Amino acid sequence: MSNKQMKMNYPQRTIHLDFHTMPGVKDVGMDFNGREFAKTLREAHVDSINVFAKCNLGFAYYPTRVGIPHPGLQCDLLGEMVRACHNEGILVAAYFNAGLDHENALRHRDWCVLPEDGTIYRDDKLNPFFRRMCLNTAYGDYLLAMTEEVLKLYPIDGLFFDCFNPLVPCYGIECRKLMDDNSSRDSAFAVLNRVNLEFAQKVMELASDKKLLYFNCIPFRDQAPYCRHFEIECLPQGEWGYDNFPANVRYTRNLGRYTIGQTGRFQGGWGDFGGIRTAESLRFDCYHAISNAVTCGVGDHMHPRGKLDREVYQLIGSIFADLKTLEPWTAEARAVTEIAVLIPQDAMGYPITNWEEVNHPVAAAVRMLSELKYQVNVIDWDMDFSAYKVLIMPDRVFVPDKHRGKLEEYIASGGGVISSGYSGLSEDKSDFALPDEWGIAYEGQEKFNISFFEVKPDFAENIPRTQISIYDPGISAAVKAGTEIAACLWEPYFNKHWDGYHGYYYVPPKQATNRPVLTRKGNVFHCVFPIFKSYYEHAYVVYRSMIDNCIKKMLPKPLIKAKNLPSFARITVTEQDKRTMIHILAYVPELRGKKQIIEEPVTLTNVEIALRADGTCFKNVYTAPNMEKIIYSVSDGYVTLSIPEIRGYSLIVLENSTPCPK
Ligand SMILES: [Zn+2]
């Protein structure tokens, strides 16, 4: 790859090379050979890599005058890695751990975060986060000085700062002085955010000419003014699971930055030296990234002696080779979507300690709509609503006063809304923010801790016409004139409770009420219970059918229709100039005991997929990269494709023909 190409193009196949090395290791870099290192990467089709300047132990891997070199370091590992990679045309970003630095924590206890309870060292000392660094101390200056040193010494292409602390506010004297008088929780988090962002800004000023710059763990929206790119860290077999990336990528890709979906090769999480995933599970993550219009990165951890593991790079290389053949159709592609899941205002910033409450409903909405083959983005209140035909407000999306008008306008101009639980309530939670549009009145929390619903015939597709359980109570609502009840509440004989004699566990439905569970007023649907959280917890397919039946009323002709394609299969649509791509993924992460893994791809046969043409004509339809023609027909505004077989992943390309032939 020429230098000119490197300047123009963002990397497509990235390695994040962990190198946290304990002080007892005396032979750091002993077997390192720059040429062999870079050759291994090149042969694995790697085009960019994050390598270590400073690890989370706080050790530097280059001859530093500012920092603390690893006591066992045998060579200028960073310098040799940069030189060797550049010789092979591989971009290099230098890694600094910002939030952790255990050597400096030992030497300067006053550089550590002082949590509210005064306990600098947390209980689990085998969790690397048991103590954290405060950037609002001399540590911040120290880290900037190291950054400057590395930028002066080496012609790196970027910087990766890790482990910013978004969760544990610091009550040390320097941070306390920046808080309000009561040092309230909100002001403590605001200070933490401000300190992180001020540091990011200083780094940006030092590295303004670099192509790659990312601050891991600072919320994406907040760091957007300072970073150059995003990396979505998600090791699905680690703590993240398989529902994190789909929601995260659908949000992050809307923020206008080049984005890497960063997975890992480990059977477990980071630091799992001997853990190598099955090829198909790693392959799934990579296909998952490109089918959502971002590039792919794989995390590894190099042995301290400095040799890359041959098996690991054969595995990664076999997958990256396949990704490379797809790049004419995946590089700089954009996602095509028509439904948006709106995230709560507090999901965007601090504090994000109520992770499950905020994120599970969003993840569940994305899962549900993906199973139904709808094309979905995840957006926040500051993004454009008008690009979407339907807006989903899952469970607890309150309407901020300043955005009330925006939502009102969206609905007035024909946009559809499906909200659930507490969503749609005003900021002060007194009533719905748009009571006329919602057509119901808020009556407080639901008083039954178990209840049931029955749908009306018009909403009954794929739903049994009997009483369906509501496991998680939401709100109670009263219907106003002109609002349709699409599903009504059945009350139980009694709440689940203990009366001193019996635990009331067996609670059947007693009778129908005139209270609503699902309402419709024009294009606004509301489900009174937190149906998305409940789908996350119970995977009750009936809930998905209920949401689908609402969407069908507003979007009778969706972008994608599929026949003979199971719910686990995923379809996404991307586009480049003059081309539309359909990505199909057929994998099932299976729960084996406690761990969810993928061992084989699934083979699907005789699949039929229809793409709404929206006035575009197509002249050539084929699979990539092998250019096999796909038989298709055009009718009723759809291009219908017949696909004889899909094994794991399939990329189908439709070349536009403009203007349409007469
Ligand atoms: Zn502090």
Side-chain angles (χ1 to χ4, degrees), residues 20 53-60 64 66-68 95-125 127-149 159-207 213-227 346 348-355:
H20 308 290
K54 179 178 92 78
C55 72
N56 82 21
L57 280 306
F59 292 126
T64 172
V66 179
I68 305 166
Y95 173 101
F96 288 88
N97 202 304
L100 304 177
D101 188 319
H102 293 290
E103 276 304 305
N104 278 304
L106 288 170
R107 295 166 199 216
H108 306 278
R109 206 157 53 249
D110 54 331
W111 290 6
C112 293
V113 165
L114 182 69
E116 193 173 12
D117 65 2
T119 313
I120 293 177
Y121 288 21
R122 317 309 289 178
D123 283 342
D124 180 6
K125 305 296 187 294
N127 178 334
F129 294 89
F130 77 91
R131 62 188 163 205
R132 297 168 184 264
M133 306 306 286
C134 176
L135 288 164
N136 189 28
T137 62
Y139 172 69
D141 304 327
Y142 166 88
L143 188 56
L144 275 177
M146 266 188 97
T147 308
E148 222 171 341
E149 182 182 55
L159 294 163
F160 182 108
F161 286 85
D162 203 5
C163 299
F164 280 88
N165 165 21
L167 291 177
V168 185
C170 177
Y171 290 78
I173 183 71
E174 304 85 357
C175 292
R176 177 66 188 81
K177 278 181 184 163
L178 300 176
M179 293 178 201
D180 63 21
D181 289 344
N182 310 317
S183 54
S184 66
R185 189 182 149 80
D186 281 355
S187 81
F189 274 106
V191 168
L192 188 61
N193 198 20
R194 176 179 149 187
V195 167
N196 284 343
L197 292 177
E198 282 175 1
F199 181 84
Q201 183 174 3
K202 286 177 192 158
V203 171
M204 182 199 67
E205 284 159 9
L206 289 177
L213 178 59
Y214 177 60
F215 305 98
N216 201 23
C217 307
I218 297 183
F220 295 111
R221 170 65 93 180
D222 291 342
Q223 70 165 294
Y226 311 112
C227 69
D346 56 5
M348 286 176 254
Y350 295 76
I352 50 172
T353 43
N354 52 345
W355 176 261

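Each ligand, and each atom within it, is numbered from 1 in the order the structure gives. Everything quoted here is computed from the prediction, not taken from an experiment. Residues: numbered from 1 along the sequence shown.
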request  = Please list, chain by chain and in numerical order, all residues satisfying salt bridge (Lys or Arg N to Asp or Glu O under 4.0 Å) with R176, sequence neighbours excluded.
outcome  = none
ask   = Step by step, would you call L135 with L143 a side-chain contact (heavy atoms from CB on, under 4.5 Å)?
value = CA-CA 8 Å; L135 288 164; L143 188 56; 3.9 Å; yes
query = So what's near the Zn ion (ligand 1), protein N, O or S atoms under 2.8 Å?
reply = C134 SG, C170 SG, C175 SG
Non-neighbouring partners of K177 that pass side-chain contact (heavy atoms from CB on, under 4.5 Å), sequence neighbours left out = I173
request  = Just say parallel, tilted or perpendicular for the rings of W111 and Y139, cut-offs at 30° and 60°.
outcome  = tilted
task = List in chain and number order the residues that pass side-chain contact (heavy atoms from CB on, under 4.5 Å) with T64, two or more places apart in sequence or in another chain; answer none if no residue qualifies.
result = A60, Y62, V66, P69, E149
key: Ring centre gap for F215 and F199 strictly below 6.0 Å   = no
